[in-house]
2 protein chains.
Amino acid sequence: MLMQKSHAFEHAETTNETVLAGQSLSSLFFASVAESYPAGKAICREGDEAKHLFQIVEGVVRLHRIIGDGRRVITAFHFAGDLIGASLPSDFLFTAEAVTDCKIRRVSRKSFHDDVARSDTLHPAYISLLCHEMTAAHEQMVLLSKKNAEERLCSFILKLASRSSPLSAQGLLRVPMNRQDIADHLGLTIETVSRTITKLASRKIVIPEGRHDLQIVNLARLAQLSGDADDFSEKSCHRVSLH
Amino acid sequence: MLMQKSHAFEHAETTNETVLAGQSLSSLFFASVAESYPAGKAICREGDEAKHLFQIVEGVVRLHRIIGDGRRVITAFHFAGDLIGASLPSDFLFTAEAVTDCKIRRVSRKSFHDDVARSDTLHPAYISLLCHEMTAAHEQMVLLSKKNAEERLCSFILKLASRSSPLSAQGLLRVPMNRQDIADHLGLTIETVSRTITKLASRKIVIPEGRHDLQIVNLARLAQLSGDADDFSEKSCHRVSLH
DNA sequence: CGTTAACTTGACTTCGTTCAAGCGGAGTGG
DNA sequence: CCACTCCGCTTGAACGAAGTCAAGTTAACG
């Protein structure tokens, strides 16, 4: 029941550096036994003392914060191979919950840091991991700050696709989280997420297959619409340098 | 002209840990000579190879990214004592520009990391710094994701106030950046920033004195309006735990 | 004291939210 | 196997907060 095949590092494209970082750091988790979390179960809670770090062996996890009244912000989703809690000084800044059924390994924060400090390979791997998380946070700020609903959705779908295994067969993308999770991650409402997907579908850019799968028809168009201007084709180059 | 009084660590309230972190890491910059940057000048540019880390001796710096067409996101402001570029793997993820005239020290990335790795006190300080940056990034995501214009402005003013020296005399807060900078940091337009400040002024919560100073009249109210629910007074506690 | 850039204010538009109703598929029980 | 129910999602219509466009106003600087 636990330990299974451990297909922990099959995410497709991130930087070499990052993949290496993940791999070497995971060695610290091999000794631990993977625990099962059913979908919806909390792994750790915002404000709890961060005694442990977690590694996802299997499944998808969401990290969220809740402010004031019920407003929820999902700061990140994490997938098989990812560590949770690496960038925490003392307390958890977020609640982590299983989106799907998960298998998760756990090590104590202290032993993790001791091991990292002791090793010449683990240490840069750890730094690299933190920097990568920082990069993701910046991307998310840009998304939340300047992108409209369509750009947000396209960015999200692209990021999901880039993490998934080779887009299983002919471009069918698994979307493990529900609409509310997506909305809370993109700073939108569930209705806007739904409408935007419908709009993308009507334009034959993606085709929804049930609630949790997307046929990606036009990846290039998706990239254009994400607002990241990876190509400088269209009206992309009007930056007015004021100094 | 360089080196002056070096009032580098006068920010008021962050965690002890963080202040210590800043202090010990700054020892690495003492050997360098402080260079002057006039307001508006770029310190480093997004995409450049990150050969150096910077420490602000004096002045205020903005970090920004530009996406697609001219849309600019200011991911953070930094003040005297802060390091710039600590959370970067290889390339700069942002452009850093002087908001006010600045004095800045610079060390090579390599020597910085060598020194940090070599020292038992510097290393945790560095980790702590990264974690603190991550926390700030999370806060910003929450702000951009769920707060309205008024909450954003109040949060911003509060954060500024908490960084400033003891709120110079009777609550007069220096706001070094212009309206456009504030707008680009809060994910608003310049007009909305202006209107919102006017509204806060009409309610006697702050009183603007010129373009770059704010008399803070009602700090408590400001905190309430920031939407962070530090107090659980009003309608704050309706979180529906679904599991 | 005059010029100019930065800021404020007003009128109108827009995109996303809100509120409300309808749809559909997975699970349950007859 | 079908009918029923429930929940997650979609769709529609009305609303509203912030954006846009266009004047004014202010204050910073020479």
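Numbers restart at 1 for each chain; the letters A, B, ... are given by sequence-line order, proteins then strands.
- We find the CZ-CE distance between B:F156 and B:M177 to be 4.0 Å, quoted to the nearest 0.5 Å.
- Ion pairing of B:E35 with B:K41 is absent here, as no side-chain N (NZ or NE/NH1/NH2) approaches a carboxylate O to less than 4.0 Å.
- What separates CZ of A:R179 from P of D:dT11 is a distance of 10 Å, to the nearest Å.
- With values rounded to the nearest 0.5 angstrom, B:I197 atom CD1 is found 5.5 Å from B:I182 atom CD1.
- Note: B:I56 CD1 to B:L83 CG = 9.0 Å, rounded to the nearest 0.5 Å.
- A heavy atom closer than 4.0 Å to some atom of DNA chain D occurs in no member of residues 197-209 of chain B.
- As rounded to whole Å, 12 Å separates atom P of D:dA18 from atom CG of B:L143.
- Remark: A:H64 NE2 to A:T75 OG1 distance equals 9.0 Å, nearest 0.5 Å.
- Taking only side-chain atoms of A:R195, from C-beta outward, the nucleotide of D:dT26, D:dG12, D:dC9 with the closest atom is D:dG12.
- Mapped onto DNA chain C by nearest heavy atom, A:K147 and A:R211 fall at different nucleotides, with A:K147 at the one closer to the 5' end.
- For DNA chain D, the neighbouring residues in residues 182-194 of chain B, judged by any heavy atom under 4.0 Å, are B:G187, B:L188, B:T189, B:E191, B:T192.
- Per the geometry, CD belonging to B:Q180 stands 11 Å off P belonging to D:dG19, to the nearest Å.
- Put simply, CD on B:E151 is 13 Å from C1' on D:dA17, counting in whole angstrom units.
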- Apply side-chain contact (heavy atoms from CB on, under 4.5 Å) to B:L172 and B:R174, showing your working. CA-CA 7 Å; B:L172 193 66; B:R174 184 73 190 168; over 6 Å; no
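- As rounded to whole Å, 13 Å separates atom C1' of D:dA27 from atom CG of B:D213.
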- Task: Please report the C-alpha distance between B:F92 and B:E46 in whole Å, then the side-chain angles of each, then the deciding distance to 0.1 Å, and finally whether the side-chain contact (heavy atoms from CB on, under 4.5 Å) criterion is met.
- Result: CA-CA 5 Å; B:F92 282 108; B:E46 186 178 348; 5.6 Å; no
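- Atom CG of B:D101 and atom NZ of B:K103 lie 7.5 Å apart (nearest 0.5 Å).
- D:dA18 atom P lies 15 Å from atom NZ of A:K146, rounded to whole Å.
- Shown are A:R152, A:Q140, A:R72; of these, the side-chain contact (heavy atoms from CB on, under 4.5 Å) with A:H185 is made only by A:Q140.
- The NZ atom of A:K147 sits 12.0 Å away from the CG atom of A:L188 when rounded to the nearest 0.5 Å.
- Chain A approaches DNA chain C over the interval C:dG16 to C:dG24, counting the first and last nucleotide 5' to 3' with an atom under 4.0 Å from its heavy atoms.
- In this structure, A:H212 atom NE2 and D:dG8 atom P are separated by 10 Å, rounded to whole Å.
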- Task: Mind running side-chain contact (heavy atoms from CB on, under 4.5 Å) on A:V206 and A:L173 for me, showing each step along the way?
- Result: CA-CA 10 Å; A:V206 297; A:L173 174 69; over 6 Å; no
